[in-house]
Amino acid sequence: MQGDTLLIKSGGAAALTEWQHHFARLMPGLRVYGWDDPFVDARNVKYALVYQPDHGRLAHYPRLRLILSAAAGVDHILADPALPTDVPIVRMVTEETRERMSDFVTFAALAIVRDMPALVTAQRDGRWANDLTGRLARDTRVSVLGLGELGSAVAMRLRANGFQVNGWARTPRLLSDVNVFAGEAQLDALLTETDILVNLLPDTHATRGILGRKLFAQLPAGASLIQVGRGVHLDRQALLDALDSGRLRSAVVDVFDIEPLPPDDALRGHPKVLVTPHIASTVSYAARARQVADVLGAHLRGAPLPFVYDAARGY
Ligand code: NAP
């Protein structure tokens, strides 16, 4: 540990000071350097905490033992064609990630049952829309695609708020008070039982583009979407068409294939859509530094590492 180097590319120069402040307290023996620091000795770099690392750079550290993603997804690391294949990649998952995502999806689901997009439009138009009385959470079926670290926490919180909750994962499991559907074969059955669809799948070959025309056509007419997974899951034109045809009632969309979403994008001004700028679960540096310290501690003890990306599964 003494003298081991952690190299950070996440949040730029201002954030580096904050990272260093947290690690000085959590792991005083660790040397913490910024990505472009000219004084870094490449031979001492044992750990890299990164978001969108420059392609080819991680291959330059001969003693690199762990790559830690500064974000929940790892697509921004896997995009590097020269990525060392023998170094484990650890996803960033904290209790705060689960809590923030649960807060956000609950907010979005309640906004949908209370017709928030239509109420915002009515307010803008100066209309007193007192016919928009909404529906009850307990009469609303929310289906969560992905029951992993975030999806399972979100499902529990939605239950606690009175919603009827379904979930979909690759493998079957029991989850208290949640109807679990598993695998491709049960997706159709889940969709027909859905008033609000929440996407919390990872980005894999099997899930890319899943929120498209075929899926929207399988939802009951008047269903809504909460998209908080990855931008690549969503066919934006298919969503616009489903909203304009009345097939879908509303959508809350937080993640996009192009970020920032261009100012003139049709989703931004759409009366049935709430757009948020990928903030559903942005976790504090303090919580992320604690998580990194826990992972490095486990690595130093030779203990199993949590949240390791599994290349065979693709997530
Ligand atoms: P995770 O722990 O890897 O869980 C993934 C879940 O998806 C698992 O339940 C898995 O099933 C299921 N799954 C994977 N492939 C599937 C398939 N082909 N068919 C059916 N189910 C499948 O992921 P997580 O940490 O919960 O993250 C979920 C998503 O949230 C990711 O896309 C992440 O990038 C995104 N995210 C967004 C924000 C934001 O601010 N918007 C913040 C953080 C994370 P099994 O359980 O059977 O393996």
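For the single chain, residues carry numbers from 1 onward in sequence order. Whatever order the structure lists ligands and atoms in, that order sets their numbers, starting from 1. Since the structure is predicted, the reported quantities are computational estimates derived from the model, not experimental observations.
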message: With the threshold set at under 4.0 angstrom, would you say Leu201 reaches ligand 1 through any of its heavy atoms?
response: yes
task: For the residue pair Phe107 and Phe104, categorise the inter-ring angle as parallel (less than 30°), tilted (30 to 60°) or perpendicular (more than 60°).
output: perpendicular
message: I'd like to check which ligand 1 atoms, numbered from 1 as shown, lie under 4.0 Å from a non-hydrogen atom of Asp254.
response: 39 (C), 40 (O), 41 (N)
message: Taking 4.0 angstrom as the limit and counting only heavy atoms of Leu200, give me the atoms of ligand 1 inside it, by number and element.
response: 28 (C), 29 (C), 30 (O)
- request: Output yes when the distance from some N or O of ligand 1 to some N or O of Glu149 is under 3.5 Å, and no in every other case.
  value: yes
statement: Taking only non-hydrogen atoms of Ala280 and a 4.0 Å limit, the atoms of ligand 1 in range are 39 (C), 40 (O), 41 (N)
- line: Heavy atoms of Ala298 and Pro304 approach each other most closely as CB-O, 4.0 Å
- line: Ranking His278, His233, Arg91, Met92 by closest non-hydrogen atom to atom 24 (P) of ligand 1, top hit is Arg91
task: Indicate the ring-plane relationship of Tyr51 and His76, choosing parallel, tilted or perpendicular according to the 30° and 60° boundaries.
output: tilted
query: Under 4.5 Å between any side-chain heavy atoms of Asp4 and Leu296, yes or no?
result: no
query: Does the cation-pi check pass for Arg213 over Phe216, that is, NZ or CZ under 6.0 Å from the six-membered ring centre and within 45° of its axis?
result: no
- request: Please confirm whether Ile279 comes within less than 3.5 Å of ligand 1 when only nitrogen or oxygen atoms on both sides are compared.
  value: no
Atoms in ligand 1 with a heavy atom of Arg230 nearer than 4.0 Å: 32 (O), 34 (O)
- request: Between Ala72 and ligand 1, find which residue part has any heavy-atom pair under 4.0 Å and reply side chain, backbone, both or neither.
  value: side chain
- prompt: How about Arg138: does its CZ atom have over 12 heavy atoms from other parts shown lying under 6.0 Å from it?
  reply: no
- line: Among Ala206, Ala169, Gly148, the residue with a heavy atom nearest to atom 8 (C) of ligand 1 is Gly148
message: Under a 4.0 angstrom heavy-atom cut-off, which atoms of ligand 1 come close to Arg173?
response: 45 (P), 46 (O), 47 (O)
- prompt: Honestly curious: do Leu150 and Ile89 fall in one hydrophobic cluster under the side-chain, below-4.5 Å linking rule?
  reply: no
statement: The answer for which part of Leu150 has a heavy atom under 4.0 Å from ligand 1 is both
